[in-house]
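Notes follow the structure.
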Amino acid sequence: MSEMEKVYNPSEIEARIYADWEKSGDFAPKGAGEPFAIVMPPPNVTGALHMGHALDDTLPDILVRWRRMLGDNVLWVPGTDHAGIATQNVVEKKLAQDGRTRHDLGREKFIEEVWRWKEEYGGRITSQLRLLGASCDWAHERFTMDEGCSRAVREVFVELYKKGLIFKAPRIINWCPRCHTALSDVEVEYEENAGKLWHLRYQLAENPKKYLVVATTRPETLFGDTAVAVHPADERYQDLIGKEVLLPLTDKKIPIIADEYVDREFGTGVVKITPAHDVNDYEVGKRHKLPALAIMDTSGLLNENVPLRYKGLDRFKARELALTDLEEKGLLDSVQDYENKISRCYRCHDVIEPYLSPQWFVDMPKLAAPAVEAVRSGRLKFYPERWSKVYFDWMENIREWCISRQIWWGHRIPVWYCECGEIICAKDDPQTCPKCGSDKLTQDADVLDTWFSSALWPFSTLGWPDAAADLKKYYPTALLVTGYDIITFWVSRMITMGLEFQKEAPFHKVVIHGLIRDEHGKKMSKSTGNAVDPVELIKEYGADALRFTLASMATAGGQDLKLAASKVLASRNFMNKIWNVARFVLLKLADNKFSAEKSPADEWILSRYQQVIQKTDSALRNFYFGDMALGLYDFVWNEFCDWYIEMSKLGLHKETFLTVFNGILRLLHPLTPFITEEIWAKLGNAGKVINANWPQADKALLNPAREKKMAVVIELIRAVRNIRAEMNVAPAKKADLIILCGDPAVAEALTEAKPYIQQLSGVEKIDLAARLAAKPRNASHAVINGAEIFVPLDKLIDLQAEIARLEKEKNKYQTEINRIKNKLANKSFIEKAPPEVIEKEKEKEKDYAEKFKIVEEQLKALAAS
RNA sequence: GGGCAUAUAGCUCAGCUGGUUAGAGCGCUCGCUUCACAUGCGAGAGGUCCGAGGUUCGAAUCCUCGUAUGCCCACCA
């Protein structure tokens, strides 16, 4: 038997145990049980493990370990995401250190560079997942740009293209001038902005003394204006419709048009129309056949379509200059403060530019219906249910999904253009044009949105497009666990693609958890410096402590989790507690002195144990991770350790002890896999706990009568301890105890428990009587359910203190009695409440009344003495 | 402009389907080197369950309104 330190030290143990699990193939699917598959949300290859991942992977690991112990055929598929823009940014930054850009390398060399980078650093996140204890099957590890995933992407693209569900068209899209690419709508973040509303004067061409006032938040875009618009029914401007204004700072004339889009109430009711730089204006422009004049390049610098003075200026510099110039010319009418939203790139946070350009789109509006129906019908459920609302809101108002990105790292769009004008979309690279036979084919330069390959993850990782055995066995997967922040990015698109290509949604259940925040509820981020590094926490407290903390905070409502170091510390202490129970067991096994018979404490803990099994099961079935963790914490610490072990020190029944403690290890294993595995081995159990059977509750061991008796015993011990503490009886001093108990059942329970009472309340002599000739003098007194107790004191009793104690007690009972009396006096309560509720109230009243009477008598006795 | 969520002890939160003596962890007070554990043990203090109405025999729990906070969505310059 190996030595165990007093303090649990996880670091060496965790590394050793994980290596053993992995080496032994303990994570591989096996057995004839039901298939139970989960795909891991693939973290970015560029990433390091953050608290979000820690939660995202702890929760499924709990489920996966649980199902494995239940005998299911469990597959948890790990993998990483190529994370197009993010990864490209990282590698570009690295190049920048040597003063190089990706253009210096050229596309091919640059991509090679990224692959090299991925080989070298991409393993960091997966090694960190191992630190966390994630029991995923590494043999199934995938990468969104590996061979199989790439084939799946092409297959899907080509199929959708053929059906017209993927197309290329000019649209106003979200353009990031820093990343030089288009973004989808979900990749844009909005931020409150204390901006200005500038009122500009557009002079009438026919009479420059007159002018229209146009309100805008973006004066620099005026160079792209190709009209100003008013509402067709706006009386103020009726006679101006069809006439022209002079575009300020230029020598252009642009028409005044009428369009219902204009809000008469807003500003002056006159809008500048800039079709190339605003979504709404683009629509207006189309209706009125206005030209769309782009005035910016892809970096957000003004181009040749503006007066020379502004050409090459950054958009914000150009704004300043334009405003100065307008003011000088007397064309700046007024300026107002104006609150609006500013859109930013979710990657680099640069300000997004609405930009007219041809891009590739998935026609989501045509694909969405089955995905909505799957959830409406209940075939696919969100937990908690309210998240389905977010899903519906998104899916029922879905727009075209812009999937082309003007970067280099990613799945290249499988479309080629022939010099004859033919467009070829193919799964395999075409050599010649099927129409003209030319071999001068140029592939589309763009790559796909990273989320395009993520959308296929549940089936691409299982071997599709081949008719793979894994796909057949594990699709649809059992469930998905993820944060609410990617319902739109990922969940909705996986459901859509799963239904389109597999005819079934990729999972039946979506378990949504909250987001990790710092202690004060602030979003964790590197820039604010409040991010907690899970790897650091694991180093300091152990992976089990971190996992236990995260699970205990993942409550039924799915609220955000505020992570405080004090909580991890508390979990660490709990691990230490368990560790020390194990040390205790080992000591006792070494002593080899056991009781032959089960004691009342044994019966009691066995009964409680059955209930904790049931509670744990039901918590897991409902994804109430917090309930599971807290339920086990409470059972282990407050029942098993505080009462059962303490009582067992009088005589330990080996079988009961080991049954319950091994049961605890198994129940805790999904939460805290390392320490339970280590202790499992130390106790000499066969095999590993990771492969052990999940405990089954045995109803025959439920023992309500024993629990009731034990409740009285515990109440009595607490009462004695309370007296000792309050009356300052020295802890080492053995006291006497006189119990006055007229209830034979209670008397029996207490008699039986005499050794426990002596052991746990520091009492030597116990007298139990049905009645007393005279109540003891100079004794402190308390009343419990069915009995009253006296603790004679050496020194003269502190009358004041004793009276104060009893008065407090009396008042408490009085309050309760009054409450219940009122309730019972209420006629409608008696008439309408269920009989068992009334019965319960009456019983309570009786108990309180009895206690009240006893305390009152005692007070009288004290007063008389 | 829509929607969602939250408001319970000093702090962070449980309390899921109305009946609890309203709980936990941390913190606080008092006392303990009790032979598994001071990362511990024992005993305590601490709560108008955000406010106002309502439903009900009964509300922290359900409904309405309000206040505060957080988040998401939305093309009004």
Side-chain angles (χ1 to χ4, degrees), chain A residues 4 6-8 172 190 197 214-218 229 261-263 265-267 270-274 278-283 338 340-341 354 384 386-387 389-390 393-394 397 484-485 487-488 514-515 517 519-521 523 541 552-553 555-567 569-588 622 624 626-627 630 633-634 638 641-642 645-646 649 718 721-726 728-732 759-762 812-813 815-816 819 823 826-834 836-838 840-841 844 848:
Chain A
M4 288 176 79
K6 237 179 179 179
V7 170
Y8 175 57
I172 299 270
Y190 296 91
L197 191 58
V214 171
T216 180
T217 53
R218 300 209 53 195
Y261 152 71
V262 179
D263 179 354
E265 309 297 318
F266 189 91
V270 187
V271 191
K272 65 198 265 311
I273 302 296
T274 322
D278 183 280
V279 185
N280 296 308
D281 292 4
Y282 181 69
E283 293 304 317
Y338 189 66
N340 66 347
K341 294 266 166 83
R386 69 185 153 91
W387 291 110
K389 207 173 158 151
V390 172
D393 284 349
W394 177 250
N397 299 296
Y484 60 77
D485 54 333
I487 292 176
T488 50
L515 268 33
R517 294 172 178 280
E519 203 163 351
H520 309 289
K523 215 177 202 169
Y541 303 105
S552 64
M553 295 193 306
T555 54
Q559 305 309 330
D560 285 349
L561 294 75
K562 288 180 202 163
L563 184 74
S566 64
K567 287 187 186 171
L569 192 70
S571 304
R572 191 274 312 255
N573 294 351
F574 182 48
M575 296 305 104
N576 197 54
K577 187 79 180 172
I578 295 163
W579 184 250
N580 277 287
V581 178
R583 292 182 65 224
F584 176 77
V585 191
L586 287 178
L587 279 178
K588 292 292 166 183
N622 293 298
Y624 294 165
D627 274 13
L630 296 174
Y633 181 98
D634 184 56
N638 301 326
C641 292
D642 286 353
I645 288 188
E646 292 309 320
K649 285 177 178 170
R718 288 207 158 122
R721 284 170 172 175
N722 175 271
I723 288 173
R724 295 183 61 120
E726 302 240 324
N728 289 315
V729 178
Q759 168 88 0
L760 297 182
S761 60
K812 199 175 84 187
Y813 297 140
T815 315
E816 291 304 319
R819 212 197 70 230
K823 218 172 198 180
N826 184 341
K827 260 203 184 120
S828 17
F829 176 71
I830 301 295
E831 279 163 18
K832 294 187 181 168
E836 61 270 23
V837 172
I838 297 172
K840 217 169 123 193
E841 290 298 321
K844 274 195 276 180
Y848 285 128

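In what follows, every heavy atom counts, from backbone to side chain, and hydrogens, waters and symmetry copies are set aside. Lettering follows sequence order; numbering is per chain, from 1.
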From B:A77, B:C37, B:A14, nucleotide with atom closest to A:D627 side chain: B:A14

Touch class at under 4.0 angstrom, heavy-atom based, for A:E831 against every strand present: nothing

Protein N or O to nucleotides 53-63 of chain B N or O, pairs below 3.5 Å:
from  : atom 1 : to     : atom 2 : distance (Å)
B:C57 : OP1    : A:K832 : NZ     : 2.4
B:C57 : O4'    : A:S828 : O      : 3.3
B:C57 : O2'    : A:N826 : ND2    : 3.0

Sugar-phosphate only, base, or nothing, as touched by A:Y813 at under 4.0 Å among non-hydrogen atoms: nothing

Expected output: side-chain A:N576 to main-chain A:Y8 donor-acceptor under 3.5 Å: yes

Pairwise C1' distance, B:G66 and B:C72 [rounded to whole Å]: 23 Å

Polar pair under 3.5 Å, donor/acceptor by atom type, side chain A:K6, base B:A38: no

Parallel, tilted or perpendicular: rings of A:Y633 and A:F574 (30°, 60°): tilted

Given B:C76, B:A36, B:G31, the nucleotide with the shortest approach to the side chain of A:D263: B:C76

Sugar-phosphate only, base, or nothing, as touched by A:K588 at under 4.0 Å among non-hydrogen atoms: nothing

Closest to side chain of A:K649, choosing from B:A5, B:C37, B:A36: B:A36

Atom of A:A730, atom of A:R724 and distance for their closest heavy-atom approach: O-NH2, 2.9 Å

A:Y624 OH - B:A24 P separation (whole Å): 22 Å

Donor-acceptor pair under 3.5 Å, A:D393 side chain vs B:C72 base: no

A:N576, nearest nucleotide to its side chain (from B:A74, B:A36, B:C37): B:C37

Sugar-phosphate only, base, or nothing, as touched by A:V585 at under 4.0 Å among non-hydrogen atoms: nothing

Greater than 12 external heavy atoms within 6.0 Å of A:E836's CD: yes

Sugar-phosphate, base or nothing in reach of A:K389, heavy atoms under 4.0 Å: sugar-phosphate

A:V837 vs A:S566, nearer the 5' end of RNA chain B by closest nucleotide: A:V837

Touch class at under 4.0 angstrom, heavy-atom based, for A:K272 against every strand present: nothing

Touch class at under 4.0 angstrom, heavy-atom based, for A:Y848 against every strand present: base

Pair of N/O donor and acceptor under 3.5 Å linking B:A36 base with A:E646 side chain: yes

Touch class at under 4.0 angstrom, heavy-atom based, for A:F574 against every strand present: nothing

5′-ward residue of the pair A:N638/A:K567 relative to RNA chain B: A:K567

Shortest side-chain distance from A:V581, nucleotide among B:A74, B:A36, B:G19: B:A36

Heavy-atom pair of closest approach, residues A:N580 and A:K6: ND2-O, 3.1 Å

Distances for protein N/O vs nucleotides 43-45 of chain B N/O pairs under 3.5 angstrom?
from  : atom 1 : to     : atom 2 : distance (Å)
B:A43 : O3'    : A:N722 : ND2    : 3.1
B:G44 : OP1    : A:N722 : ND2    : 2.2
B:A45 : OP1    : A:K808 : NZ     : 3.1

